[in-house]
Amino acid sequence: MKKISRALIVIGVIGVSMIINMKAHASGFALFEQSARGASRGGAFAAQADDPSAVWYNPAGITQLNDTRAMAGGTAYTGNTDTVINGKGVSSRSNGVTPNIFFTRKLNNRIWAGIGMFAPFGMSTSYDENWEGRYNTFYTGNVSVEVNPNLAYKLTDSLSAAAGVSLQTLEVKMRQKINTRAVFIQGAVAEGADLETVEAMADAMGLSAAPDITQDLSGKDRSAVRYNAALFYRMNDIASFGLSYRSRTSHHVSGDAAYSNVIPALSGDIYNTDVKGDITLPDLVWAGGAFRITPAITAEIDVNWTGWSCYKSLNITIDNALGSQKTIKNWKDVFCYRAGMEYKASDALSLRMGYLFDKSPIPDSTVDYSMPADDRHVITGGLGYSWKRWGVDVGYSLVLPSPEHRIEARPEEGILSPGTVKSMIVHQVSAAVSCGF
């Protein structure tokens with residue numbers, strides 16, 4: 001048991017170091033694919049929840065596991081987005097991996113314990129640093145890693161409840177260009193100088209040909225806590241139901257602001273310093289019903305609600321002349337609808353498929369190039385193979401191309417010209433190994 005636990009921890013630590021490079025297209029930047037089995041069923045797993053990944057989907061379901069179980073795996077993402085601004089096309093592509101590990105143990109006939117480590121939020125968007133939208137962003141990335149212990153209690157033979165608390169971390173990185181001439185003019189006007197005089201001064205200094213300033217912001221918060229609660233009800237051998245809730249998380253991020261290509265005339269105002277900001281990550285409600293159609297076929301329908309209306313603005317404070325910056329977001333609460341099916345072809349082999357429709361929380365008025373997301377349709381499939389106490393699961397998900405959508409100009413946010421996101425497609429491959437002992 002100790003050797004297996006240590007191996008799972010090593011897998012998790014290696015995997016977490018890889019998360020920040022991923023590109024994810026989900027409900028905002030929430031990540032729901034936390035096991036290969038769940039992902040291959042379109043994420044419809046809250047009402048079956050009969051393997052260690054139930055710690056994520058529905059912790060009350062771990063009361064179905066009659067021994068000690070461990071599972072380790074992850075999802076590899078590769079995505080591509082094509083965008084056109086002023087007739088110039090640019091392609092953004094990213095690759096990465098999100099790991100997950102779970103451990104459950106039956107303590108007695110009424111109480112079970114489970115713990116999981118996973119990444120419930122994360123995304124990255126990367127462009128060439130000299131592309132047309134560089135004043136809005138040329139790299140944005142964030143990742144949240146969560147460690148979530150739970151206790152589950154069997155209230156009756158049919159009904160179980162669970163509760164847990166999580167330690168959640170958040171790491172954020174944002175890179176963009178700043179136009180040297182524009183920031184020189186804005187700073188002088190803010191101090192009371194005449195606009196025409198300052199523009200003439202900037203031209204005389206040759207600032208129209210000055211290189212862009214590169215702004216690199218990075219920050220972390222490792223101390224946020226949230227709680228979760230869940231119910232699992234098995235009506236009979238045919239039907240079961242699950243309900244799970246995870247609370248909001250408030251993060252206070254602090255880190256560094258670094259600058260390059262700053263001309264001497266601005267070096268007294270724009271310099272490397274500290275940066276801080278606040279962000280609230282949403283709460284989540286997940287409900288589902290599973291139905292055994294035949295002894296070999298189980299179907300499930302789930303719906304989850306994500307409370308993105310808590311993300312009203314992005315507020316950061318830089319300890320130099322750039323000062324406080326507020327970007328309006330006004331995201332909205334959204335639903336995701338899921339359907340999945342599993343066919344037990346033999347005692348060892350299971351085949352799975354699924355579908356989900358995921359609404360985007362981002363209104364047209366605030367969508368930008370850091371996350372040019374839209375509603376998404378996803379088709380999934382996979383299989384599982386078990387041998388003695390061991391199991392292997394693999395899954396594949398295709399995020400279907402979204403219809404093209406437009407991003408309107410908002411100069412105050414660095415979007416100088418309107419652009420069109422022509423296409424967006426993502427492939428996801430999941431795998432996991434589990435064992436009982």
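Values reported hereafter were calculated over all heavy atoms of this structure, with side chains retained and with hydrogens, waters and symmetry mates removed.
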Does [X] reach the side chain of [Y], with side-chain heavy atoms less than 4.5 Å apart?
X: Ile238; Y: Ile293; answer: no
X: Leu398; Y: His427; answer: yes
X: Ile178; Y: Leu322; answer: yes
X: Leu65; Y: Thr63; answer: no
X: Asp82; Y: Val421; answer: no
X: Thr137; Y: Asp368; answer: no
X: Arg110; Y: Tyr153; answer: yes
X: Thr249; Y: His251; answer: yes

* Hey, could you give me the CG/CG distance between Leu351 and Leu349, rounded to the nearest 0.5 Å? => 5.0 Å
* Rounded distance [0.5 Å steps], CD1 in Ile279 versus NZ in Lys312 -> 13.5 Å
Identify the heavy atoms of [X] and [Y] that sit nearest to each other, and give their distance.
X: Leu231; Y: Ala161; answer: CD2-CB, 3.7 Å
X: Gly42; Y: Leu356; answer: O-CD2, 3.6 Å
X: Pro59; Y: Ala162; answer: C-CB, 3.7 Å
X: Ser40; Y: Thr380; answer: O-OG1, 2.9 Å
X: Phe241; Y: Gly289; answer: CD2-CA, 3.8 Å
X: Phe29; Y: Met371; answer: CB-CE, 3.5 Å

* **Qualifying residues under side-chain contact (heavy atoms from CB on, under 4.5 Å), relative to Glu146, sequence neighbours excluded** => Phe118, Pro120, Asn148, Ser166, Gln168, Arg226, Arg246
How about [X] and [Y]: does a side-chain donor come under 3.5 Å of a side-chain acceptor?
X: Thr140; Y: Ser370; value: no
X: Asn315; Y: Asp278; value: no
X: Tyr259; Y: Gln215; value: yes
X: Asp333; Y: Ser309; value: yes
X: Lys177; Y: Thr214; value: yes

* To do: Sort out for me which residue in Gln48, Arg292, Arg41 forms a side-chain hydrogen bond (donor to acceptor under 3.5 Å, both in side chains) with Glu342.
  => Arg41
Give a yes or no on whether a salt bridge exists between [X] and [Y], defined as a side-chain N under 4.0 angstrom from a carboxylate O.
X: Lys173; Y: Asp216; answer: yes
X: Asp67; Y: Arg69; answer: yes
X: Arg410; Y: Glu408; answer: no
X: Arg37; Y: Asp393; answer: no

* To do: Could you walk me through whether Asn58 and Trp286 pass side chain to side chain donor-acceptor pair (under 3.5 Å), step by step?
  => CA-CA 8 Å; Asn58 182 351; Trp286 200 313; over 6 Å; no
* To do: Check the pair Asp212 / Tyr135 against side chain to side chain donor-acceptor pair (under 3.5 Å), numbers first and verdict last.
  => CA-CA 9 Å; Asp212 292 329; Tyr135 300 122; 2.9 Å; yes
* Asked: Where do Trp131 and Tyr369 land on the ring-ring contact (aromatic ring centres under 6.0 Å, His included) test, with the steps shown first?
  -> CA-CA 11 Å; Trp131 83 295; Tyr369 297 116; 5.0 Å; yes
* To do: Evaluate side-chain contact (heavy atoms from CB on, under 4.5 Å) for Ile62 paired with Phe102, printing each intermediate quantity in order.
  => CA-CA 11 Å; Ile62 67 175; Phe102 303 98; over 6 Å; no
Check whether [X] reaches the backbone of [Y] with its side chain - one donor and one acceptor, N or O, closer than 3.5 Å.
X: Thr156; Y: Ser158; result: yes
X: Lys344; Y: Asp347; result: yes
X: Asn236; Y: Ala239; result: yes
X: Asp302; Y: Phe45; result: yes

* Structure fact -> The ring pair (Phe, Tyr, Trp, His ring centres under 6.0 Å) partners of Tyr233 (sequence neighbours excluded) come to none
* To do: Just jot down the ring pair (Phe, Tyr, Trp, His ring centres under 6.0 Å) partners of Tyr343, sequence neighbours excluded, or say none.
  => none
* How are the rings of Trp331 and Trp308 set relative to one another: parallel (under 30°), tilted (30 to 60°) or perpendicular (over 60°)? -> perpendicular
* So Trp56 and Phe32, would you call those rings parallel, tilted or perpendicular, with 30° and 60° as cut-offs? -> tilted
* What's the verdict on side chain to side chain donor-acceptor pair (under 3.5 Å) for Asp256 and Asn272, showing C-alpha distance, side-chain angles and the deciding distance? -> CA-CA 7 Å; Asp256 302 312; Asn272 296 350; over 6 Å; no
* Yes or no on salt bridge (charged side-chain N to carboxylate O under 4.0 Å, His left out) for Asp157 and Arg234, after CA distance, side-chain angles and deciding distance? -> CA-CA 8 Å; Asp157 289 342; Arg234 181 171 295 282; over 6 Å; no
* Assess the pair Phe138 and Tyr127: is the distance between their ring centroids shorter than 6.0 Å? => no
* To do: Evaluate the criterion side-chain contact (heavy atoms from CB on, under 4.5 Å) for residue pair Tyr311 and Thr280; output intermediate values, then yes/no.
  => CA-CA 6 Å; Tyr311 191 32; Thr280 300; over 6 Å; no
* Asked: Between Val433 and Met71, does a side-chain contact (heavy atoms from CB on, under 4.5 Å) hold up when you go through it step by step?
  -> CA-CA 6 Å; Val433 177; Met71 174 182 284; over 6 Å; no
* Asked: More than 12 foreign heavy atoms under 6.0 Å from CG of Asp319: is that the case here?
  -> yes
